[in-house]
Amino acid sequence: MQCIYAQSTMIKYIKNAGAVFYMVLFCPCFLFWADNLTINEILFRVGLVSILAAIALSYLVSFTSGKTYKTILTVLFILSIPANIITWSYLYTAKQWMTVSSLWVIFSTNTKEATEYISQFTDITNIFVAVLYVIVGIILIAFAKNEKRISFKKLVDKIMFPVAFITVTLVMISHYLTMAVPTFSLYHSVIRFAAYNNDMRNMLHLSENMPSASCNLQDGTSHVFVIVIGESTNIYHQNIYGYSRETTPMQSLLKKNGELIVYKDVVTPHVSTRNSLEKVLSFANHDFPKKMITEPSIVDIVNSAGFTSYWVNNQEISGMWQSPVCYVCANHSYFLIDLINENNDAAVIEPFYKILSDSSRNKIIFLHLVGNHFAYSNRYPSTFNKFDHKNQLLEDKNFRTEYMKQTIDEYDNSILFGDYLLNEIIDTLRKIDVSSFVLFFSDHGEDVYDDRDFLGHQSVVFPTQYQARVPFVLWRSSLYLKEVPEIIIDTIRPYNTEDLIHSVATLMRISYPSVDSTRSIFSPYFTKRQRFVEKTKWK
């Protein structure tokens, strides 16, 4: 009898809980699109778990009836709308299943980036599916009926209720299981991200108790060091790295003249700005990620060593919550120039000139560029509109449409403008009598329809070489070369920019207890180590 009752109960609550199944299983139905999941993850981590979650949640809802039943379904549906639409749109656009890291990137995205992303990738299909999802959900809830709720009178319900409750709870709170259900994943990520930002706020007080850093540079010499952080720069679209189009003529000339050192094997720790800069600007690395909030930042170190630091920022530094850049910039010992309303990086030149005229003898200037972030056509003045695939043929790829080719033209134009800008910075320093260097790298790369129908950068399980490999170039003035001759130049060293703080310390002759010379690409003690991009081991 218990078995017959169990079967009857199962049929009844599945029949009456179609809306729950629709909410939970909507996105997993499109898993065949995702190229960042293995077959085991599709079958178990997302597939099986989401089915079990749908059954368990449907069972729990079936303990209610009438208006209460529909109210619960309505609340669940409203909560599911943003999660499922975001996950589906991401899956449709990027061919990636939405991970916790992907959600964190969305939380960190500023208004301007979000607007440009939506305008670039939202099409009629996205809009149609979003509207259809809401309409179908409303219809399912409107026709849902559960006039007689399940009770605890039968033994099977007394057993199944805690099983269902535990199943739903585990999927809601488990970092591993949550990703199976977009609704749980979204709100679970919000809670974790809020806790993370609280840790980040605590980081602001690290500099108060940090040991002093020392600098072994000549006292009688003025120093101006510049670190340029690019955005979404794909080395496969730079001719200094072998690209067929002449997108970096200035850097190529500097390299030919022996002035510019171009490193050939550098990768980013992450393929999203927030996650990358967490490590780039701190002592954090793959093995010790918590050092972001337990150790001082790169700015704290250079300030302690006697430098006046400046941050010129052409990216909006806060999204739904503040980004790592915002916390690093929070130190009051230098000032921040924020140029969030500028579409291209020409805006950084005037503040750069202004800083050079400041009376401080020892300066370090951080220029955080919007670089090559989409929309690419906004990243350069019209005078740099040079490349046209109709006149300069691109490498033939069968999947490339006219729109894709036009997008590549725009991206290459943005690379060309970035090359001009970097040369302008170098040329300005060359003309003044100071010991100086310019170090340029990008936070991460970018896919630009290189070998598949995909544009952009995502936090992926299997990052592509276009997203993972980044430019890393160094220019040094003649005075600097005389003052710091011991820098080791080996352009084929395998390097990860998560170790930037150690390399900058070498360039600036800074000593600090946490600085590890074996992690510095410029040190004679550099040691090759396993590199990770996201969670992937990189050769």
Side-chain angles (χ1 to χ4, degrees), residues 101 104-105 108 196 199-200 203 206 227-233 235 263-302 323-328 366 368 371 439-446 457-474 488 490-508 510 512-523 525-539:
S101 295
W104 281 33
V105 171
S108 305
Y196 163 85
D199 289 338
M200 293 285 284
M203 186 191 77
L206 289 175
I227 296 177
V228 185
I229 305 173
E231 167 72 51
S232 305
T233 307
I235 67 170
Y263 287 84
K264 301 176 182 178
D265 190 9
V266 178
V267 297
T268 178
H270 296 279
V271 296
S272 61
T273 301
R274 180 189 182 101
N275 295 335
S276 173
L277 292 185
E278 280 185 2
K279 292 184 170 68
V280 168
L281 302 176
S282 73
F283 283 105
N285 55 56
H286 179 269
D287 298 323
F288 300 100
K290 290 293 184 181
K291 285 189 176 183
M292 173 67 189
I293 57 176
T294 61
E295 296 266 11
S297 72
I298 189 171
V299 174
D300 293 323
I301 298 299
V302 297
S323 71
V325 174
C326 189
Y327 290 104
V328 169
F366 295 88
H368 187 201
L439 179 64
F440 169 80
F441 65 94
S442 182
D443 57 356
H444 53 75
E446 184 96 328
H457 56 272
Q458 313 291 344
S459 288
V460 295
V461 177
F462 308 111
T464 66
Q465 59 182 331
Y466 308 103
Q467 297 180 37
R469 296 188 65 195
V470 293
F472 194 87
V473 301
L474 175 68
I488 300 298
D490 183 352
T491 60
I492 63 173
R493 282 179 168 178
Y495 182 68
N496 192 317
T497 54
E498 71 177 9
D499 290 331
L500 183 81
I501 195 168
H502 307 281
S503 299
V504 170
T506 300
L507 288 174
M508 297 176 65
I510 288 178
Y512 184 76
S514 299
V515 170
D516 182 355
S517 59
T518 68
R519 288 182 173 270
S520 169
I521 196 172
F522 307 115
S523 169
Y525 307 106
F526 174 80
T527 302
K528 181 180 176 180
R529 65 186 72 243
Q530 177 63 63
R531 296 179 294 174
F532 287 86
V533 180
E534 300 294 341
K535 296 180 181 180
T536 300
K537 289 184 178 180
W538 201 266
K539 293 182 180 180

Just do the ring-ring contact (aromatic ring centres under 6.0 Å, His included) check on Phe472 and Tyr495 with the steps written out, would you?
CA-CA 10 Å; Phe472 194 87; Tyr495 182 68; 5.3 Å; yes

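The side-chain contact (heavy atoms from CB on, under 4.5 Å) search around Ser514 returns Phe283, Glu295, Tyr512, not counting sequence neighbours.
Atom CG of Asp516 is separated from atom NE2 of His502 by 6.0 Å, given to the nearest 0.5 angstrom. Remark: Arg493 CZ to Thr527 OG1 distance equals 9.0 Å, nearest 0.5 Å. Rounding to the nearest 0.5 Å gives a distance of 4.0 Å between CG of Asp443 and CD of Glu231. Atoms CZ and CG, from Arg529 and Asp287 in turn, are 8.0 Å apart once rounded to the nearest 0.5 Å. Between the CG atom of Leu507 and the CG atom of Leu474 there is a distance of 6.0 Å, given to the nearest 0.5 Å. In this structure, NZ on Lys528 lies 8.5 Å from CG on Asp265, to the nearest 0.5 angstrom.
Nearest approach of Val470 to Ser442, heavy atoms of both residues: CG1-O, 3.7 Å. Between Ser503 and Phe522, the shortest heavy-atom distance links the atoms O-CD1, 3.6 Å. Considering every non-hydrogen atom in both Ala284 and Glu278, the closest pair reads CB-O, 4.2 Å. Nearest heavy atoms, His270 versus Asn275: CD2-O, 3.2 Å. Glu534 approaches Val271 most closely through the heavy-atom pair OE2-N, 2.9 Å. Considering every non-hydrogen atom in both Asn496 and Arg531, the closest pair reads N-CD, 4.0 Å.
Using a 4.5 Å heavy-atom threshold, the side chains of Thr497 and Thr268 count as touching. With contacts defined as side-chain heavy-atom distances shorter than 4.5 Å, the pair Tyr263/Ile521 qualifies. Using a 4.5 Å heavy-atom cutoff, the side chains of Leu281 and Ile229 are in contact. Taking the side chain as every heavy atom from C-beta outward, Phe526 and Thr518 never approach each other to under 4.5 Å. When side chains are defined from C-beta on, Val280 counts as touching Leu277, because their heavy atoms get closer than 4.5 Å. Contact of the Phe366 side chain with the Ile298 side chain is registered, since non-hydrogen atoms from C-beta on lie closer than 4.5 Å.
The closest side-chain donor-acceptor pair between Thr273 and His444 falls under 3.5 angstrom.
Checked by atom type and distance alone, the side chain of Arg469 never pairs as donor or acceptor with a backbone atom of Thr464 at under 3.5 Å. Using modelled atom types, one side-chain atom of Gln530 and one backbone atom of Trp538 make a donor-acceptor pair closer than 3.5 Å.
The side-chain contact (heavy atoms from CB on, under 4.5 Å) test with Ser520 singles out one residue from Thr506, Asp499, Leu500, and that residue is Thr506.
Using the six-membered ring where Trp is involved, His286 and Phe532 have ring planes that are parallel, under 30° apart on the 30 and 60° scheme.
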